[in-house]
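Source: prediction; values computed, not measured. Numbers for residues simply follow the sequence, beginning at 1.
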Amino acid sequence: MKEIMLNNNKNGMLVLLITLALYVVTIAGFIFGVVGEHWILVVPCAIWIALGWILFCGLKTLKPQEALVLTLFGNYIGTLKKEGFYFVNPFCVGFNPAAKTKLNQSGDVDSQAKKSVIFAQPQAEAGEAANKKISLKVMTLNNNRQKINDCLGNPVEIGIAVTWRVVDTAKAVFNVDNYKEYLSLQCDSALRNIVRLYPYDVAPNVDTTGDGVADEGSLRGSSEVVASRIKEEIQGRVEEAGLKILEARITYLAYAPEIAAVMLQRQQASAIIDARKMIVDGAVGMVEMALERLEENDTITLDDERKAAMVSNLLVVLCGNHDAQPIVNTGSLY
């Protein structure tokens with residue numbers, strides 16, 4: 001389906017003025033014909049009074065960043081895509097199958113919505129039923145958080161925000177049944193396809209790029225790369241719907257509740273091991289420095305057994321979790 005532009009029909013004000021002027025003239029002629037019994041004048045004036053209002057149905061007003069897809073007896077005749085006051089065939093009707101669909105996004109959001117896609121109730125949306133205009137503004141879709149298994153099988157919860165807009169109204173209206181719902185479903189599918197390629201955190205022997213070489217890609221550490229791949233995946237899926245994906249961003253990322261506590265303990269254990277390693281490395285260096293200083297100045301001469309005892313005591317003091325409470329020997333060294 002190819003989009004047809006109808007931007008040369010900005011003569012709505014002229015048609016409106018002419019129609020109103022004709023009504024004034026027709027009413028005056030009708031009155032004159034009835035009073036003077038000129039029935040040849042009365043009949044056409046009566047017909048115009050009864051049917052002239054049909055021309056008003058062809059008047060269309062568009063605000064900036066709005067479009068209107070027009071059909072005539074089921075045939076697509078074109079799209080009004082720029083702001084202005086238009087006059088088109090009075091029997092043309094606007095067509096937008098997604099007019100009643102609400103997405104959890106800026107500019108098109110239901111304050112009481114709890115799901116990403118909401119179908120409006122006929123009673124509440126009676127005033128919007130006739131509004132078939134398509135917004136060309138940049139929109140931001142906030143899909144629900146999803147629970148997805150990463151490449152290691154760990155369940156994670158992730159949410160994304162997708163910035164998009166309509167670029168081809170004909171494709172959006174005629175190529176898919178409902179372009180808003182279609183976008184939401186494709187975002188869910190693309191998100192699952194990309195997330196399952198990455199681990200939550202850096203893991204060994206994992207290839208996230210498909211080149212056969214293990215890398216350090218992860219959902220937590222490579223969020224920009226993951227978001228870029230999600231954007232490309234979504235764009236490839238919605239191309240036929242006339243939509244353009246401007247940006248995709250990860251808005252929420254966490255382990256699923258059933259394994260969050262276990263993974264927290266794992267992270268804590270890893271942090272404790274790294275901290276202990278740093279403490280031990282520092283303590284060993286301090287012990288070596290102490291022994292070297294004692295030997296350099298001949299302050300004291302220790303045999304191997306006393307050196308081992310001194311090293312043991314220093315390591316206990318430096319590596320302990322609590323402050324040391326040593327017993328002071330006031331007697332001889334031996």
Peer 1: Can a donor-acceptor pair be found, under 3.5 Å and without considering hydrogens, that links the side chain of Asp168 to the backbone of Lys171?
Peer 2: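 Flag set: sc Asp168 to bb Lys171 pair under 3.5 Å.
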Peer 1: Would you say that more than 12 heavy atoms from the other residues, nucleotides or ligands in this model lie under 6.0 Å from the CD of Glu247, or not?
Peer 2: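 More than 12 heavy atoms, drawn from other residues, nucleotides or ligands, come within 6.0 Å of this atom.
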Peer 1: Can you give me the closest heavy-atom contact between Pro90 and Cys57, atom names plus distance?
Peer 2: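 The pair with the smallest heavy-atom distance is O-CB, 3.8 Å.
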Peer 1: Which distance, rounded to the nearest 0.5 Å, do you find between the CG of Leu253 and the CD of Glu157?
Peer 2: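 It comes to 10.0 Å.
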Peer 1: Side chains of Arg192 and Glu233, heavy atoms from C-beta outward: is any pair under 4.5 Å?
Peer 2: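 Not touching, per the 4.5 Å side-chain cut-off.
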Peer 1: Looking at every non-hydrogen atom in both residues, tell me the closest pair between Gly33 and Val42 and how far apart they are.
Peer 2: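 Looking at all heavy atoms of both residues, the shortest contact is C-CG2, 3.3 Å.
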Peer 1: Answer yes or no: is there a donor N or O on one side and an acceptor on the other, between the side chain of Thr251 and the main chain of Gly159, under 3.5 Å?
Peer 2: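 Flag set: sc Thr251 to bb Gly159 pair under 3.5 Å.
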Peer 1: Is it the case that over 12 heavy atoms from other parts of the model lie below 6.0 angstrom from the CG atom of Asn89?
Peer 2: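 Yes, enclosed.
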Peer 1: Would you name the heavy atoms of Ile234 and Gln186 that are closest together and state the gap between them?
Peer 2: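 Heavy atoms of Ile234 and Gln186 come nearest at CG1-O, 4.5 Å.
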Peer 1: Given 3.5 Å as the limit, does a donor-acceptor pair link the side chain of Glu216 with the main chain of Ser222, or not?
Peer 2: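 No.
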Peer 1: Any chain of hydrophobic side-chain contacts (each under 4.5 Å) joining Phe91 to Phe87?
Peer 2: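 In one cluster: yes.
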Peer 1: Measuring from Leu136:CG to Lys81:NZ, what's the distance to the nearest 0.5 Å?
Peer 2: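 These two atoms lie 6.0 Å from each other.
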Peer 1: For Ala99 and Lys132, work out which heavy atoms get closest and say how close.
Peer 2: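 So the two residues come closest at CB-CD, 4.3 Å.
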Peer 1: Nearest 0.5 Å, please: how far is CZ in Phe73 from SG in Cys92?
Peer 2: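 Going from the SG atom of Cys92 to the CZ atom of Phe73 covers 8.0 Å.
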Peer 1: So does Leu22 get a backbone contact from the side chain of Thr26, meaning a donor-acceptor N/O pair under 3.5 Å?
Peer 2: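 Yes.
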Peer 1: Would you say Arg220 and Tyr200 make side-chain contact, with heavy atoms under 4.5 Å?
Peer 2: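 The answer is yes; the side chains approach within 4.5 Å.
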Peer 1: How long is the gap from OG1 on Thr208 to CG on Asp211, to the nearest 0.5 Å?
Peer 2: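 Between atom OG1 of Thr208 and atom CG of Asp211 there are 8.0 Å.
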Peer 1: Can you find a pair of side-chain heavy atoms, one from Val173 and one from Pro97, that are under 4.5 Å apart?
Peer 2: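 A side-chain contact under 4.5 Å exists here.
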Peer 1: With no hydrogens and no angle check, just 3.5 Å: does a side-chain donor-acceptor pair link Tyr198 and Arg229?
Peer 2: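 Side chains of Tyr198 and Arg229: pair found under 3.5 Å.
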Peer 1: I'd like to know whether Ile245 forms a side chain to side chain contact (heavy atoms under 4.5 Å, CB included) with Val162, so could you lay out the CA-CA distance, the side-chain angles of the two residues, the decisive distance to 0.1 Å, and finally the verdict.
Peer 2: CA-CA 7 Å; Ile245 307 301; Val162 179; 3.8 Å; yes
Peer 1: For the pair Val24 and Leu20, evaluate side chain to side chain contact (heavy atoms under 4.5 Å, CB included) and give the outcome as yes or no after the intermediate values.
Peer 2: CA-CA 6 Å; Val24 173; Leu20 292 176; 5.7 Å; no
Peer 1: Under the side chain to side chain contact (heavy atoms under 4.5 Å, CB included) criterion, do Leu183 and Cys187 qualify, and how do the steps go?
Peer 2: CA-CA 6 Å; Leu183 171 65; Cys187 287; 3.9 Å; yes
Peer 1: Could you give the distance from CG (Asp201) to CG (Leu219), rounded to the nearest 0.5 Å?
Peer 2: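 Answer for the CG-CG pair, Asp201 versus Leu219, is 9.5 Å.
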Peer 1: Between Glu3 (side chain only) and Thr169 (backbone N and O only), is there a donor and an acceptor less than 3.5 Å apart?
Peer 2: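 Yes; at least one donor-acceptor contact below 3.5 Å.
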Peer 1: Between the side chains of Thr140 and Asn142, does any donor sit under 3.5 Å from an acceptor?
Peer 2: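 There is no such pair (donor and acceptor under 3.5 Å, judged by atom type) between the side chains of Thr140 and Asn142.
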Peer 1: With distance as the sole test, does Lys60 use its side chain to make a donor-acceptor pair with the main-chain N or O of Gly94 at under 3.5 Å?
Peer 2: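 Between the backbone of Gly94 and the side chain of Lys60 there is no qualifying donor-acceptor contact (under 3.5 Å).
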Peer 1: Is Asp150 reaching over with its side chain to a backbone N or O of Arg196, donor-acceptor style, under 3.5 angstrom?
Peer 2: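 Judged by distance alone, no pair lies under 3.5 Å.
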Peer 1: Is it the case that atom CE in Met286 sees more than 12 heavy atoms from other parts of the structure closer than 6.0 Å?
Peer 2: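 No.
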Peer 1: When you compare the side chain of Leu197 with that of Cys151, does any pair of heavy atoms fall below 4.5 Å?
Peer 2: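 No, their side chains stay 4.5 Å or more apart.
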Peer 1: Hey, is the main chain of Val15 close enough, under 3.5 Å, to the side chain of Thr19 for a donor-acceptor pair?
Peer 2: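 Side chain of Thr19 to backbone of Val15, a donor-acceptor pair under 3.5 Å: yes, one is there.
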Peer 1: Using modelled atom types and a 3.5 Å cut-off, is there a donor and acceptor pairing between side-chain atoms of Lys10 and backbone atoms of Glu83?
Peer 2: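 Yes, Lys10 side chain to Glu83 backbone: donor-acceptor pair under 3.5 Å.
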Peer 1: Return the minimal non-hydrogen interatomic distance between Cys45 and Gly29, and the atom names on each side.
Peer 2: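 What the structure gives for the nearest pair is SG-C, 3.9 Å.
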Peer 1: Return the CD1 to CG distance between Ile160 and Leu141, rounded to the nearest 0.5 Å.
Peer 2: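 Output value for this atom pair is 7.5 Å.
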Peer 1: Atom NZ of residue position Lys82 - does it have more than 12 heavy atoms of other residues, nucleotides or ligands inside 6.0 Å?
Peer 2: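 No - once you tally the heavy atoms of other residues, nucleotides and ligands closer than 6.0 Å, there are 12 at most.
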Peer 1: Could you tell me whether the side chain of Leu62 reaches within less than 4.5 Å of the side chain of Lys133, counting heavy atoms only?
Peer 2: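 Of all side-chain heavy-atom pairs linking Leu62 with Lys133, at least one is under 4.5 Å.
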Peer 1: Are Phe56 and Ile18 linked, directly or through intermediate hydrophobic residues, by side-chain heavy-atom contacts shorter than 4.5 Å (ILVMFWY only)?
Peer 2: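 Linked within one cluster.
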Peer 1: Going through the distances and angles, do Ser189 and Arg237 end up as a side chain to side chain contact (heavy atoms under 4.5 Å, CB included)?
Peer 2: CA-CA 10 Å; Ser189 178; Arg237 293 169 176 264; 3.1 Å; yes
Peer 1: Is Asp215 reaching over with its side chain to a backbone N or O of Asp207, donor-acceptor style, under 3.5 angstrom?
Peer 2: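 A pair under 3.5 Å: no.
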Peer 1: Please say which of Leu70, Leu68, Thr79 ends up in a side-chain contact (heavy atoms from CB on, under 4.5 Å) with Leu6.
Peer 2: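 The single option meeting the side-chain contact (heavy atoms from CB on, under 4.5 Å) with Leu6 is Leu70.
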Peer 1: Once the angle between the rings of Trp164 and Tyr179 is folded into 0 to 90°, is it parallel (under 30°), tilted (30 to 60°) or perpendicular (over 60°)?
Peer 2: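 Ring orientation, 0 to 90° scale: perpendicular.
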Peer 1: Please tell me whether Ile194 and Val202 are part of a single hydrophobic cluster in this structure, the criterion being side-chain heavy atoms less than 4.5 Å apart.
Peer 2: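 Ile194 does not cluster with Val202.
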Peer 1: Hey, is OH on Tyr252 packed in by over 12 heavy atoms from elsewhere, all under 6.0 Å?
Peer 2: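 Atom OH in Tyr252 is crowded, with more than 12 foreign heavy atoms closer than 6.0 Å.
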Peer 1: Side chains of Thr101 and Glu181: any donor to acceptor distance under 3.5 Å?
Peer 2: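 No - no donor-acceptor pair under 3.5 Å links their side chains.
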Peer 1: Under 4.5 Å between side-chain heavy atoms, counting indirect links through other Ile/Leu/Val/Met/Phe/Trp/Tyr residues: same cluster for Leu55 and Val93 or not?
Peer 2: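 Different clusters: Leu55 never reaches Val93 through Ile, Leu, Val, Met, Phe, Trp or Tyr contacts under 4.5 Å.
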Peer 1: Can you establish whether the number of heavy atoms outside Phe32 located under 6.0 Å from its atom CZ is more than 12?
Peer 2: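 It does not: Phe32 CZ has 12 such atoms or fewer within range.
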Peer 1: Can you check whether Val238 reaches Gln235 side chain to side chain, under 4.5 Å on heavy atoms?
Peer 2: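 A side-chain contact exists here, since the closest heavy-atom pair is under 4.5 Å.
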Peer 1: Quick one: are Tyr23 and Trp48 in side-chain contact, heavy atoms under 4.5 Å?
Peer 2: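 They are in contact (side-chain heavy atoms under 4.5 Å apart), so the answer is yes.
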Peer 1: Does the ring centre of Phe174 sit less than 6.0 Å away from the ring centre of Phe95?
Peer 2: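 Here the rings of Phe174 and Phe95 have centres that are less than 6.0 Å from each other.
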Peer 1: Counting only heavy atoms not in Ile40 (residues, nucleotides, ligands), do more than 12 fall under 6.0 Å from its CD1?
Peer 2: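 No, not enclosed.
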Peer 1: With the 4.5 Å side-chain cut-off for hydrophobic clustering, are Leu152 and Val225 part of the same group?
Peer 2: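 Leu152 does not cluster with Val225.
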Peer 1: Do Ile158 and Ile148 come close enough that some side-chain heavy atom pair is under 4.5 Å?
Peer 2: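 They are in contact (side-chain heavy atoms under 4.5 Å apart), so the answer is yes.
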